Amino acid sequence: MAGCRKDLLNQNATVSPNSNTFWLTEADALSALMGNYSEFRPCFDRDYHFDGHGDFLKMYNTGAAPISITVNNPSSYGNGAAALYRELYGSINTSNYVIENIRARLLPNAKTAASKQNLEAIIGEARLLRGIAYFRLISLWGDVPYIYKVASAPIEVDTISRSSITKVKDSIYADFTYAAEKLPNKGAAIGRAGKPAALAFRGKLQLFWGSWKKNGWPELEGFQQSATEAKTAFEGAAADFNRVITEFGLNLFRGGAPGEWGEMGKADVLPNYYYMFIPSTGNLNADGEMLMVITHGGNATNQSEEYMRVWTGVSVGLSQNQAIPRYELADRYQSTITGDFLPKMVQMNPSTNSAARTTPNSSVNPESYRNRDYRMKASLLWDYEKIMGIGTTETTGFVAFLYKTWSGKITIDGVSYDAFNDNTTNLSGLQSRKFVRNYGGQNRSSGDYNWPLMRLADVFLMYAEATNEVNGPQADAIALVNRVRARGKLPALAASKTASKQAFFDAIEQERIVELFGEGQRAFDLRRWRAIEKVFGPAYGAGKWFQDSWGNNWERFFFNADELVYQRCYIYQIPEAERTRNKNLTQNKPWR
Amino acid sequence: MLKSQYFLLLCAIYPGVSHARGKAYEEFDKGRHSAYRKDVFLTTKPFQRIVVGFVKDEEGMPLPGVEVRNLKTTEVAVTDGEGKFQIKASETDRIQFRLIGFATVEVAPKEAASVVLKAETSKLNEVVVVGYGVQKKGNIVGAVASAKFDETVSSRGLSNASSALQGLLPGLAVNQNSGMAGNNAAELMIRGLGTVNNAGPLIVVDGMPDVSLNRVNVNDIESVTVLKDAASAAVYGSRAANGVVLITTKSGKRNTKPAISFNSNLSLVRPTENVNFVSNYAKALTATQVAQSVNTLPNAFQFKNGTIDQWLAMSMIDPKRYPNTDWWDVVLRDGLGQNYNVSVNGGGDNSNYYLSFGALDERGIQIENNFNRYNLAFNLDTKVAKTIGSGIRFSGNWSQYKYNYTEGMTANSANGLDLFTAPAGILPYDPVTGYYGGAMAYNESSQATNAYADYMVRNRNNMNQKQANLNGYLDWKPIEGLVARVDYSLSYNNRFDWRADIPTQAYNFQADSFGPRIYVGSNEPIYNTDRENFKTQLNAKLSYDKTFGKSHVISATAIYSEEFWKDRYLSASRGTRLNPNIFEIDGALNDVQTTGGSSEMEGLRSYIGRLGYTFKDRYILEGTFRADGSSKFLPGDQYGYFPAGAFGWRLSEEPFIKPFLDKIKISSAKFRVTYGSLGNNSGVGRYEQQELLTAGHYFLDAAAVVGLVNKKFINYNLTWEKTNIFNLGLDVSMLNNKLLLELDYYNRKTIGMNRESDLSTHLSGVYIAPRRNIGDMSNKGFEANLTWNDKKGDFQYMVNLNYSTNKNTLLSWSETLQRGPLFVNMPYNFVYAFEAIGIAQTWEDVYKATPQGASPGDVLIKDLNGDGRIDANDRKAYPEYQLGRPTSNYALRGAASWKGFDVAVLLQGAYGRKEFWMNRVNSPFLGTANQAVTYEQLNQTWNLDNRNAEYPRLLPSGLGSTSTNNYLSTYWLQDLSYLRLKNVQLGYTFKNNLIQKIGVKKIRGYVSADNLVTFTKFKGLDPEKSTYANDSYPITKTFVFGLNFDF
């Protein structure tokens, strides 16, 4: 019996193209690369989560982030990144899909030289993305399985074992090198990487490799400490960074100028640094500071970011204060007059001490925050600082931040302002301004800021670090650090700060803390420098208390912690669920 | 002959209708030329004559096919189409008349000229709807249960058919999860959880699969049949693995005057159980202090003593600024249901019709939850020519549904961000200003919920749904026994969802200003989603029934079927409304808008065959076969084959057994065996097996660009999930058919349950795990159905007891299983619990126990494996109990009538289920801000003054991850066995001259009550609910008052 409806049993999907009719044109290659970027994006555009493992940011939770990692505890997180592990491999598999198919199906049929060049550049980008993902994997897990081709059936990776970090590092290096050779000097569009990005990542890979080789990685089994290898790596890093700095005519955001501090308490004029982290201005990237960004669309694009939701409280776009600067950060901002640290502020409780608001150098006296690094005004709110209030998307006028006051009005100079509402989540006394928009039109979940995955200021500081490791403080390196400091309107480093390798290193660390706050760098720095004990105290010690601006103890980490707790911060746990499936997958030492 | 058989069937279906019979009787009378003729006794042979006679039923209709037996000579004759027979007999012989469904009669030859057989009051004569046809109950060999939807069902005022099925049929588990208006349908499951995929039965309404059962007007339903085994369900092949529920709607009767019936009823609805929130805010705050005192110094408590004292005092004089709100009271109201139905049915010589209109209006017990539905049904059958018949069936419905959360009161999420975060210290609403209150107390979180605002201005969900089901058929009976029939059905469904919340900000009445909490933002969008689904079905059927000789009856059926689905949706939203009271999309700016839309199609092609053979009414053989091709699978794997066979032995017809059975008063007994396989394709997505790229777009230069990602691995070996069912049954009718007993045993084995395979974490970041045929599961069970029917004078009564029990076992699983409630050789979702020793009363108790970080007031966990620590290895399995659903269900139904009175009772119960019952109602973990506090938390938690408390001590919610109180231990394990008085009703029918004078045939008035009493040890909301997270919509108690008029 013949059917009445022809093709009744052949119903084709309506909104998805069939993979068998794909890989015919260069446009297909580009679509696949964009797919690669979209898989890559969630692995890296919430890198601020890692700052929750450091000492200057409290991360409450990962909120609505697509990939959850344990973030709220600087002493226990190495087993909280199984989802990130999975997603990084997701991005790697996607890169493999792009690389393998262009090589096999498009490159052999490329008709013109331009076509070949374009396809190779696309392979270059996919290899760059693959390299960055592996770089993150080895930074956290050490030895990891290396998958370099498309799996044709699930069983192919079911018995995979880990490759040594050295081998994986070499493969990453090869990926970055290929990308650096094939990519154009400037990315084809905002959102696509160019040659400087590839070089900067190759430099960063070598810098990290140098750090590990120099400082050792005892938790990673079989990893050999080696001063000579470290030196080679630092030299390679410096060479790559130097090319980024000198060959492409790149400059810091707004020429590296500090801009205006504005008035204490007010937020209508803010330093330039602030504008680098809001979409309307920061993403134009006219000077080329952003070497590589992860892009986001705004309203209704399904490609939005939620930085505002994370970085501020209810009064600004119904946000959730998932990330709160720790009070300890405040003292890190140096004097614009002396260019050096100011005496630590004295924490005073205004509810029991009526003079707390007026005592010089009191933490709750706004005057204590005057004449400091412009990046402080651009990054933080302290008592009586104002920020633009936002309803769902509409601006509602300035609201004033006052620690432990989350409702009602605050009168400043006779003008009454709504109190900034943090819904009782702020326990430090500082709020973030960095990443918080000062204009309406987008709700907390429809941001379009392009996350800086690699930016020039970081390259300057990494160059300084790499050259300092090889030869100690160098003039060009000092100049670059001073350029970064100049955007905070800080004077050049005093001679004492560059007098020795260690002094310059400390100056670089200080600059990294302030300049890269909230950008996910600090935890990686602490680990590659083996500085967790330096910051939090040794094993079986008192750990470290974090406090608020009133002097209350807030939370303490590493109290009486044994060595294992530290070891588990230096290397992450290979996901145990996968190990029950795959007996060949070994576990890192502290997690056995 | 054939015609009269159909007539008989009709008579059997409608024993109460006399109009048609009267007419036929007249015709019969015209031809009763020979009934009383003198020449009945012919003198051809001495002593032995030919006796000629007629056999009729009680109403004078001729009975063909009656076995007429001379008990002495054993000669046998059969009556013809006019009920006429001839048989040789001498005067002293005895002649026996037998016909299934009638009481056997023995007479002397001289009395044989006119014999009247009385119909047995047996259910065996009922005609039961089975797949693609009807069968007499007496001939059924499969495991089939059926029930008529009579007044006792329609009088319950139910809004959906699924809940009406509760307690009606053995083997059909019916569980109601909510009393929410518009969402109170029950979940159906036949013979236990058959698979880890969709385990619900296939629903077929008037021959059309996939019609939504719960949108059919309960008053239009004639009968329901449940096909439980392979033999009966195999005709539905690839979708019948979990059984089939067949719904048949009413039709008119030929040759009847129009009968009009009007039914109306009114239901008052109350919750069966309430959540007891502490409405005294000051008291509730002390609970948070108690919880915090575990790890916080008193001066650091979130809520200070001053705040509490102030609230306690001020609330007595200024309840607006210091409110004590009982949220349960605020969000609950008296539910009300109204149900009106008018139907007309009748028929002429060549046609019959049924027309009905129903209106349903449900006002839920939760504010802002309403459901209205209007149903229209029209069924017409007409004869086009002598051998050609045709008919159409139309049913349409239209509904409006308004609700807040899909599950009612709360979003039912683990963090329960709604009713349970509404502290008593918030004023719901101030009618003077029109403001909704927000947090006011010092340190109360501004995110505290105003549940009233939550329901009134936020989560304003609306769903309008329209459905039309249309079916037309043409049948042709060219020769006797042969029927060719074509059916075409179209089922159309449109669903429109819209939502437009009203911008609202919380108001602080103490500060006289708007608080920080914005319940609904000022640019809240308007959302619309329009879904349109249709399904078509074409069936062509050829069937042939024939009796060869006296003892061979064969029947054959062949069917070709095509089913096609198309679903489409379109959605859009826009923010920034011109005015908050505008609810349509054009009334908003188009700067921020979203759209979505897609469609999906599916095809299913089937070939079905059924062969039946009956020998001497004793041995029944049946074979069924179905081949299904589905577009879900790849070419080459599309077809699945589902054969089944059945054997029935009517042992009461065997001459050598009959006398014995007679002695023990068994009038009929039938033994049934069936075996066959069924399929399930519900687990596989429509395009899942196709090699597709997935959208993964990106943004370049501030503009979206196309991105495509390969996320697919195709498992080319994927096949249908198959279920093999063995069924053994026994039907016995005894004590003059007063007692009917049906017993069934089954062994149901599901092979190759398909599931997303466990994929390496190195791939699952991008690849979607392909489906794999992963495990086997078995369900074994027993069902009994016992019905007692009797009549004593005017008093008629019926008692039915049905029982079913099921044992589920996971037979195999091809991937590594971790310790947990899923394990091989154990029931799916068995109870796997830590063993609780009890609450530690003293430190001594704590020290004596294995170290586990407990303090007095905490639950102590037993170190089951004795390794000196408490970890996941200390759990114990309880395979006799399962989570989620009971193993056994039972029900007792009774109905009686006396003169005008009728009464009906339905008791229903279940056992074999346990749950860990700890949710926001009784959780000993208390949040310190924006927290609703329940009576249990305040008064039934352990402290030094309340050592015998129900629950352990209160702890701050932050300790939830570490405390033993949070372990899934036997401490929280509750037995959810219950027995409930599901329904009781009382009616009176007026049928006197007075009302007949005004043209009313009869009036029935009744009262009915649902869920009046429940006997259970369970302390939660209701033992019948299937989930115990934080969904707090209770099941409802309903009181119905109704009137039916028949004109």
Side-chain angles (χ1 to χ4, degrees), chain A residues 1 3-5 8-11 13-20 22 31-32 34-35 37-39 85-90 93-94 97 145 147 151 153-154 157-158 160 189-192 295-297 299-301 303 314-315 318 391-394 406-408 421 423-424 575 577-578 580-581, chain B residues 443 445-447 508 511 515-516 518 521-524 538 560 562 564 592-594 598-603 605 629-631 638 686-687 690-702 704-710 712-713 757-767 770 816 818 929:
Chain A
M1 254 188 288
C4 293
R5 190 184 281 270
L8 180 71
L9 302 188
N10 297 319
Q11 302 296 342
T14 48
V15 293
S16 309
N18 196 297
S19 41
N20 294 324
F22 200 62
S31 298
M34 291 300 113
Y37 270 108
S38 79
E39 289 294 312
Y85 181 91
R86 182 184 70 229
E87 296 303 319
L88 284 167
Y89 276 104
N93 282 301
T94 313
Y97 182 70
I147 300 170
V157 299
D158 275 351
I160 199 164
I190 296 178
R192 290 186 67 181
T295 60
H296 295 101
N299 285 321
T301 58
Q303 297 190 57
V314 179
S315 299
L318 310 178
T392 317
T393 63
E394 71 289 0
W406 38 77
S407 59
N421 174 27
N423 194 25
T424 73
E578 183 66 12
T580 60
R581 303 178 76 254
Chain B
N443 265 3
S445 162
S446 64
Q447 292 309 102
N508 184 331
I518 297 173
S522 65
N523 64 340
E524 177 65 22
L538 171 79
Y560 169 74
E562 272 190 16
F564 176 72
V592 179
Q593 53 185 10
T594 62
S598 180
S599 70
E600 279 194 346
M601 282 158 287
E602 183 186 345
R605 175 171 292 153
S630 166
S631 65
Q638 287 178 327
R686 280 180 170 150
Y687 303 130
Q690 295 181 11
E691 297 180 55
L692 304 173
L693 293 167
T694 306
H697 305 316
Y698 204 60
F699 231 71
L700 291 183
D701 285 342
V705 286
V706 172
L708 291 167
V709 182
N710 179 36
K712 301 272 274 192
F713 273 125
S757 55
D758 167 31
L759 193 62
S760 165
T761 194
H762 298 114
L763 297 174
S764 59
V766 60
Y767 292 104
T816 317
Q818 316 273 354

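Computed from a predicted structure; not experimentally measured. Side chains included, hydrogens not; waters and symmetry mates left out as well; all remaining heavy atoms used. Just so it is clear: chains get the letters A, B, ... in the order the sequence lines come, proteins before strands, and each one is counted from 1.
Considering every non-hydrogen atom in both B:Ser764 and B:Leu759, the closest pair reads CA-CD2, 4.0 Å.
B:His697 places a side-chain N or O within donor-acceptor distance of the main-chain N or O of B:Gly707, the cut-off being under 3.5 Å. Under a 3.5 Å cut-off, the side chain of A:Glu578 and the backbone N or O of B:Thr761 do form a donor-acceptor pair. Under a 3.5 Å cut-off, the side chain of A:Glu394 and the backbone N or O of B:Ser522 do not form any donor-acceptor pair. Formation of a donor-acceptor pair under 3.5 Å by the A:Ser315 side chain with backbone atoms of A:Asn421 is found in this model. Side chain of A:Tyr37 to main chain of B:Gly696: no donor-acceptor pair is present (N/O by atom type, distance under 3.5 Å, no hydrogens or angles).
When heavy atoms are compared at a cutoff of 4.5 Å, A:Tyr97 approaches chain B solely by way of its side chain, counted from C-beta outward. Of the atoms belonging to B:Gln690, it is side-chain heavy atoms, and not backbone ones, that fall under 4.5 Å from chain A. In this structure, no portion of B:Glu524 lies under 4.5 Å from any heavy atom of chain A. The parts of B:Asp758 that come within reach of chain A are both its backbone and its side chain, each placing non-hydrogen atoms under 4.5 angstrom from that chain. Looking at B:Gln447, the atoms closer than 4.5 Å to chain A (heavy atoms on both sides) sit in the backbone and in the side chain alike. Looking at A:Ile160, the atoms closer than 4.5 Å to chain B (heavy atoms on both sides) all sit in the side chain, from C-beta outward. Both the backbone and the side chain of A:Pro17 come within less than 4.5 Å of a heavy atom in chain B. Both the backbone and the side chain of A:Glu87 come within less than 4.5 Å of a heavy atom in chain B. Using a 4.5 Å cut-off between heavy atoms, B:Tyr698 contacts chain A through both its backbone and its side chain. Residue B:Ser630 touches chain A through its backbone alone, counting heavy-atom pairs closer than 4.5 Å. Contacts between B:Val706 and chain A at a heavy-atom distance below 4.5 Å involve backbone atoms as well as side-chain atoms.
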